[in-house]
Structures are given as C-alpha cells and as structure tokens.
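What follows is a short report on a single structure.
Here the structure is a predicted model, which means the values were calculated and not measured.
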Amino acid sequence: MANEPGAERLESTMWALRVRVEDGLERVRYERVPLPSPGIGDVLLKVHAASFTPTELGWPSTWADRAGNARTAPIPAHEVSGVVAALGYGTTGLAVGDEAYGLTDWYRDGAAAGYVAVEARNLARKPGSLDHARSAAVPLAALTAWQALFDHAHLSAGQSVLIHGAGGGVGALAVQLARGAGARVVATGRQWAEGLVRELGADEFVDTERRSFEETAGEVDVVFDLVGGEVTGRSWAVIRPGGMLVSVVAPLAETGPRGASGVFFVVEPDRAALTELARLIDAGELRPVVGEVYPLERGREAFEAKRRPGVPGKVVLRVAR
Ligand SMILES: NC(=O)c1ccc[n+]([C@@H]2O[C@H](COP(=O)([O-])OP(=O)(O)OC[C@H]3O[C@@H](n4cnc5c(N)ncnc54)[C@H](OP(=O)(O)O)[C@@H]3O)[C@@H](O)[C@H]2O)c1
C-alpha cells in the first residue's frame with residue numbers, strides 16, 4: 001500500500017460487520033477484522049457512512065467471489081461515503097484526503113467497516129452539499145434509478161412512468177429523476193409513502209392496499225418495478241403499445257403484449273453518472289431520503305429495521321464521527 005505524505009497512520013485491524021449463516025439464517029455481527037489492502041487501481045477509503053440493500057445478504061455475490069470460491073464471513077453494505085486514506089498501485093483520479101462516494105463491487109467485502117478497499121473508478125467526488133450519512137444513501141439507489149429510467153427505458157420529457165415501491169430507497173430517487181426529466185410520474189406504495197412521494201414530485205399516488213394500479217394509473221410508457229412478485233406480471237396491462245417494463249427485482253419476459261419489452265438488470269458502478277448525480281444534488285434538483293441512521297455497532301438492528309415495512313428511503317450506517 002502506498003502511504004501518501006500527510007496520510008493518517010493506519011492500524012492493522014478495524015471494526016466491521018460480518019455476516020455468517022448460522023442455523024440457516026444470516027446473522028450480522030460486529031467484529032474486529034484485519035484492515036483491507038488496496039490492490040491495483042484501488043483506493044483505501046476511510047468509511048464515514050455506508051448503506052445497504054435489505055435483500056443483499058441473500059444474493060449469490062455475497063457468498064462467492066468472482067471465481068466462485070466461497071466467502072465465509074463477508075462484510076456487507078456496498079454504498080459508501082468517506083475519505084481517501086491511501087492509494088493502491090497505479091491508482092489515479094483520486095488523492096489522499098479526497099471526499100468520495102460510490103458503489104463498491106458486490107463480490108468483494110463491502111463498506112460496513114472502518115475502511116474499504118474499492119476500485120477508484122467506482123467512486124466519484126461526493127456531493128459537497130451533503131454530509132457523509134446522506135451521501136452514502138445515494139450511490140446504489142440513484143444509479144439503479146438512473147440506469148433503469150434513462151439507460152434502459154430511455155424515458156424522455158412528455159412520457160409517463162409508473163414506479164412501484166416509490167417510497168423506498170430506489171423509488172424515492174426514481175420519482176425525482178423521472179420528474180426532473182419532464183415525465184409524468186405515477187407512484188405506488190402503501191399509505192405511509194403518499195406524502196413523501198408527492199412531495200418528491202409524483203403526479204399521482206396509488207395506495208396499493210386500497211386501490212389497484214390497473215384501475216387508477218391509466219396507460220404509461222414505462223413501468224419501473226421495485227416490488228416484484230405478482231406486481232411484475234400485472235404491470236404489462238398498463239403499458240402502452242411499444243412501451244417498456246423495467247425490473248431490478250427478478251428476471252422477466254423480454255417481450256410482452258402489444259409490442260412491449262421487458263428488461264431486468266443489475267446496477268453497475270459508473271463514475272460519470274455519480275458525478276452528474278452529485279451535480280444535481282448540489283444544484284438542489286435531487287435529494288436522498290434517509291429513513292434511519294444507526295451507528296455501525298448496531299448494524300444488526302439496522303438490517304432488521306429495513307426488513308420491516310414503513311421505513312422511507314434508505315437506512316444508513318454511521319461509521320466515523
Ligand atoms: N438489480 C439491482 O441492481 C437492484 C438494485 C437495487 C435494488 N434492487 C432491488 O429492488 C428492490 C427495491 O429496493 P429498495 O432498496 O428500493 O427497497 P426498499 O427500500 O425496501 O423499497 C421497496 C418499497 O416498496 C414498497 N412496497 C412493498 N410492497 C409493495 C406493494 N405491493 N405495492 C407498492 N409498494 C410496495 C415498500 O413499502 P413497505 O416499506 O411498506 O413494505 C418499500 O417502500 C429490492 O428487491 C432490491 O433487492 C435491485
């Protein structure tokens with residue numbers, strides 16, 4: 001590891017959350033672990049705050065590396081905001097002391113820790129107007145929404161989009177990005193989410209426990225599905241001829257009725273998009289929604305909290321004070 005002049009002196013161990021499967025259940029524990037070493041093109045980021053996706057503990061990438069080798073006690077949470085502490089061999093684009101945020105590789109240890117080793121290309125300068133806790137709530141959620149709406153669905157001004165699960169981590173950002181692009185936004189959620197998603201810019205809200213979206217949404221150009229299950233299959237009925245159904249929950253049919261198409265994808269790190277998202281945030285055009293913040297040592301509670309219904313936006317882990 002190339003320690004830069006002025007870099008802080010690093011200890012050899014750090015506090016982290018690690019996940020183990022015990023009695024068939026994923027258990028999150030707060031433990032002392034070795035400090036990671038940044039590889040070629042990596043930075044070692046001192047983590048100030050991290051966030052996670054509630055379902056990530058069950059994903060295959062949490063339990064195997066890219067070569068398929070088992071990972072026995074992985075560190076979760078792949079959205080991070082922090083300060084560059086050291087550079088790996090040949091790393092460019094960031095310097096020691098820079099404040100950065102980004103989405104880390106699912107197959108490597110995540111950011112629920114004092115430090116994380118992460119490819120510099122997966123990071124960008126953090127939004128200057130946000131503290132680290134709110135900055136950590138952005139990368140995965142905003143990149144997922146951005147890639148769904150613009151890279152896959154090519155949503156444009158004057159079109160309409162139905163966003164299922166609009167009060168959650170991804171949905172709260174998707175509503176704002178779609179509205180900012182000039183689209184008409186119909187949002188679904190449970191009743192608690194109505195005030196939030198209307199404030200974020202939704203033109204219509206469907207409380208799915210009281211009304212069916214098929215009866216109330218009308219026809220839309222794009223459906224962005226953050227709920228899955230039977231909601232995915234039912235969504236084809238509200239898509240205009242030639243429109244698109246985008247899901248990040250589970251693979252779906254590539255073609256639907258009346259020339260509609262379906263896309264499932266997994267979000268990719270993207271420095272250029274993160275830089276543009278930071279610009280939108282600093283311009284006051286986009287804001288993350290943080291439902292709850294937990295200190296790292298209460299990480300288990302944080303994961304449990306986000307599994308319960310009714311938490312708006314993201315749950316964040318505060319690591320450094
Ligand atoms: N493929 C990828 O790259 C990728 C990336 C990010 C996320 N994801 C997936 O996308 C999904 C959403 O992620 P997230 O982080 O936004 O999760 P989240 O914060 O839990 O948001 C999901 C939202 O959907 C709401 N909801 C649940 N059932 C509903 C229903 N029947 N009708 C309307 N709303 C409903 C939830 O409300 P309650 O709180 O009331 O239940 C919650 O607000 C997850 O399955 C996640 O794994 C995939």
Side-chain angles (χ1 to χ4, degrees), residues 1-2 10-21 26-94 96 98 100-124 126 132 135-141 143-144 147 248 265-271 273-274 296 299 302-303 316-317 319-320:
M1 181 189 315
L10 300 172
E11 294 182 21
S12 60
T13 62
M14 63 181 184
W15 287 104
L17 302 182
R18 291 172 105 185
V19 195
R20 289 195 178 75
V21 176
E26 291 119 4
R27 302 234 182 252
V28 175
R29 294 194 188 284
Y30 182 64
E31 297 177 355
R32 200 86 192 152
V33 303
L35 212 70
S37 184
I40 294 173
D42 281 352
V43 304
L44 183 71
L45 198 69
K46 180 179 170 64
V47 179
H48 282 243
S51 188
F52 56 87
T53 294
T55 49
E56 69 172 80
L57 301 188
W59 293 352
S61 52
T62 299
W63 299 104
D65 65 18
R66 287 184 184 277
N69 301 309
R71 301 173 60 204
T72 48
I75 297 173
H78 295 266
E79 295 170 273
V80 65
S81 184
V83 177
V84 176
L87 302 177
Y89 184 76
T91 301
T92 58
L94 287 167
V96 169
D98 283 349
Y101 81 138
L103 174 62
T104 75
D105 189 338
W106 297 108
Y107 288 90
R108 297 176 70 178
D109 273 337
Y115 293 83
V116 62
V118 48
E119 293 96 317
R121 66 183 175 204
N122 293 353
L123 300 171
K126 116 181 202 310
H132 285 289
S135 171
V138 174
L140 172 131
L143 286 175
T144 304
Q147 289 165 17
V248 287
F265 74 98
V266 174
V267 61
E268 292 176 28
D270 181 340
R271 175 185 278 176
L274 283 173
L296 185 66
F303 275 85
V316 169
L317 299 165
V319 181

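Using cut-offs of 30° and 60° for the angle between ring planes, the F303 and F52 rings count as parallel.
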- Residues W15, E31; criterion side-chain contact (heavy atoms from CB on, under 4.5 Å); working and verdict: CA-CA 6 Å; W15 287 104; E31 297 177 355; 5.5 Å; no
- Task: Using the side-chain hydrogen bond (donor to acceptor under 3.5 Å, both in side chains) rule, take H48 and S81 through it: C-alpha gap first, then chi angles, then the decisive distance, then the call.
- Result: CA-CA 6 Å; H48 282 243; S81 184; over 6 Å; no
- Task: Evaluate side-chain contact (heavy atoms from CB on, under 4.5 Å) for L143 paired with L274, printing each intermediate quantity in order.
- Result: CA-CA 7 Å; L143 286 175; L274 283 173; 3.9 Å; yes
- Task: Output, in order, the C-alpha distance, side-chain angles, deciding distance and verdict of side-chain contact (heavy atoms from CB on, under 4.5 Å) for D98 and V83.
- Result: CA-CA 6 Å; D98 283 349; V83 177; over 6 Å; no
- Message: Set out, in order, the CA-CA distance, both residues' side-chain angles and the distance that settles side-chain contact (heavy atoms from CB on, under 4.5 Å) for T104 and V80, then state yes or no.
- Response: CA-CA 8 Å; T104 75; V80 65; 3.9 Å; yes
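V316 and A137 make their closest contact through CG2-CB, 4.0 Å (heavy atoms, listed as atom of the first residue, atom of the second, distance). The two residues P139 and S135 come nearest to each other via the heavy atoms CD-O, 3.3 Å. Of all heavy-atom pairs spanning V96 and L87, the tightest one is CG2-CG, 4.3 Å. The minimum heavy-atom distance linking P76 with L17 is given by the pair CD-O, 3.4 Å. Of all non-hydrogen atoms in I75 and A113, the two that sit nearest each other are CG2-CB, 4.2 Å. When all heavy atoms of A111 and V47 are compared, the closest pair comes out as O-CG1, 3.4 Å.
No donor-acceptor distance shorter than 3.5 angstrom exists from the side chain of T62 to the backbone of G58, with no hydrogens or angles considered. R271 places a side-chain N or O within 3.5 Å of a backbone atom of L123 that can act as its donor or acceptor partner. R18 places no side-chain N or O within 3.5 Å of a backbone atom of V28 that could act as its donor or acceptor partner. With hydrogens and angles disregarded, no donor-acceptor distance shorter than 3.5 Å links the side chain of Y115 to the backbone of L10. E56 places a side-chain N or O within donor-acceptor distance of the main-chain N or O of T53, the cut-off being under 3.5 Å.
To the nearest 0.5 Å, atom OH of residue Y107 and atom CG of residue D65 are 9.0 Å apart. Taking OG1 from T92 and CZ from R121, the interatomic distance works out to 11.0 Å, rounded to the nearest 0.5 Å. To the nearest 0.5 Å, the span separating OG on S51 from CG on L140 amounts to 8.0 Å. Taking NE2 of H78 as the reference point, atom CG of L103 lies at 8.5 Å (rounded to 0.5 Å). To the nearest 0.5 angstrom, S37 atom OG is 8.5 Å from D42 atom CG.
Using a 4.0 Å cut-off between charged side-chain N and carboxylate O, R108 and E119 make a salt bridge. Ion pairing between a basic and an acidic side chain is recognised when a charged N comes within 4.0 Å of a carboxylate O; R71 and D109 show such pairing.
Partners of R66 under the side-chain hydrogen bond (donor to acceptor under 3.5 Å, both in side chains) rule, at least two apart in sequence or in another chain, are D105.
Residues F265 and Q147 are in side-chain contact: their nearest non-hydrogen atoms beyond the backbone lie under 4.5 Å apart. Counting heavy atoms from C-beta on, the side chains of L35 and T13 never come closer than 4.5 Å.
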